[in-house]
Amino acid sequence: MDEFELIDRWFTGRGATRADVRLPVGDDAAIVAPPPGAELVLALDTIVAGTHFPAGTPARAVGHRALAVNLSDIAAMGAEPAWALLGLTLPAVDEDWVAEFSRGLDELARRHGIALIGGDTTRGALAATLTLAGLLPPGTALRRRGAQAGDDIWVSGTPGDAAAGLAILQGRLQAAGEARERLLQRFLLPEPRVALGIALRGLASACIDVSDGLAGDLGKLCAASGTGARIESRALPLSPALVEAAGPEAAPGLALAGGDDYELLFTAPAGLRGAVGALTAGVECRRIGTVIAGREVLVDGAALPRDAGHGFDHFAG
Ligand code: ADP
Ligand code: MG
């Protein structure tokens with residue numbers, strides 16, 4: 001099968017059908033018609049085999065993740081996703097692999113009303129780059145900057161699960177039964193918090209998605225806002241699966257330093273605590289700390305090094 005047959009069979013008409021797509025896959029470029037006055041929000045992320053997912057990851061999960069990592073950035077802006085462009089680099093044309101990749105991407109795209117409108121297919125080391133465009137009423141974007149001293153710090157879902165899932169996949173962590181399945185699923189098929197991001201417009205003072213680890217991403221939000229933060233590890237929403245697999249001692253470290261969660265980490269004025277707590281956007285949010293003056297990020301009162309992130313593992317023991 002050549003490149004054109006491949007595109008025709010697996011990348012044409014994928015994702016949702018949208019009335020605002022004037023020209024889909026098949027011409028030199030795609031044409032869309034954004035609603036008048038809307039702001040366009042654009043994100044691009046690449047995932048590379050061996051770097052962002054282990055070689056041998058199921059193709060369906062690779063297709064899902066190629067979109068999910070971008071969907072999470074769009075969610076963190078409070079935008080509504082609309083159109084995607086896919087740059088796919090394949091070492092060889094393995095049709096079964098491409099079919100599963102396409103299925104993973106298509107399923108997630110449909111659930112979020114996203115149309116795949118174009119892309120590029122090349123030969124080389126396995127990698128997928130996706131450009132995702134979203135829509136936003138003017139001036140309503142959630143930004144990394146905007147947190148104020150005294151604001152509450154919130155996180156969605158149960159961070160740390162994905163890092164545990166990756167560790168299981170790589171044989172660094174043992175788990176069995178339902179906990180194992182749940183953690184693997186959280187790494188392979190993350191659910192970006194799109195509905196939550198949209199619900200947080202007008203509530204959150206700042207927002208970031210957790211891709212590099214909660215502590216490191218909190219550091220980025222604070223740096224952008226010119227604030228510090230104080231969080232308590234006992235307030236972290238740890239999943240029973242994570243605690244079972246990693247143990248109660250190591251679990252908070254995975255939640256703080258592990259990556260790939262694709263949860264939303266955000267701040268909101270304390271006066272909006274009730275409103276944020278009452279949100280029903282498909283995922284629970286937990287209050288884990290407070291924005292403070294200064295530049296320091298404190299976990300249980302101890303300062304986090306400025307370059308923390310992946311390196312922040314002293315809780316992991
Ligand atoms: P060109 O050489 O003009 O760039 P291509 O042959 O690369 O055209 O692509 C033909 C059509 O297929 C274009 O509409 C392009 O956007 C689309 N396309 C190519 N690869 C992909 C892909 N992986 N996913 C979605 N659309 C694709
Ligand atoms: Mg062309």
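Atoms within a ligand are numbered from 1 in the order they appear, just like the ligands themselves.
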If we only count N/O pairs under 3.5 Å, is Ile117 in contact with ligand 1? no
Report the part of Thr121 (side chain from C-beta onward, or backbone N, CA, C, O) that has a heavy atom under 4.0 Å from ligand 1; answer both or neither where that applies. both
Determine, stepwise, if the pair Glu263 / Arg286 fulfils salt bridge (Lys or Arg N to Asp or Glu O under 4.0 Å). CA-CA 11 Å; Glu263 296 294 346; Arg286 183 82 65 87; over 6 Å; no
Using a strict cut-off of 4.0 Å, indicate which atoms of ligand 1 neighbour a heavy atom of Asp27. 11 (C), 13 (C), 14 (O)
Closer than 4.0 Å to some heavy atom of Phe4 - which atoms of ligand 1 meet that? 6 (O)
What atoms in ligand 1 come closer than 4.0 Å to a heavy atom of Val25? 12 (O), 14 (O), 17 (C), 26 (N)
For atom 21 (C) of ligand 1, which of the options Leu130, Asp120, Thr122 provides the nearest non-hydrogen atom? Asp120
Leu188 side chain reached by Leu169 side chain, heavy atoms, under 4.5 Å: yes
Does the distance from a Lys or Arg side-chain N to an Asp or Glu carboxylate O, for Arg111 and Glu107, drop under 4.0 Å? no
Would you compute the distance between atom CG of Asp212 and atom NZ of Lys220 and round it to the nearest 0.5 angstrom? 4.0 Å
Could you check whether Arg65 pairs with Asp260 (Lys NZ or Arg NE/NH1/NH2 to Asp/Glu carboxylate O, under 4.0 Å)? yes
Does ligand 1 come near enough to Pro24 that some N or O of the ligand is less than 3.5 Å from an N or O of the residue? no
Out of all atoms in ligand 1, which are within 4.0 Å of some heavy atom of Asp28? Include the element for each. 3 (O)
Measure the spacing between CG of Asp27 and CD1 of Ile117 and express it to the nearest 0.5 Å. 12.0 Å
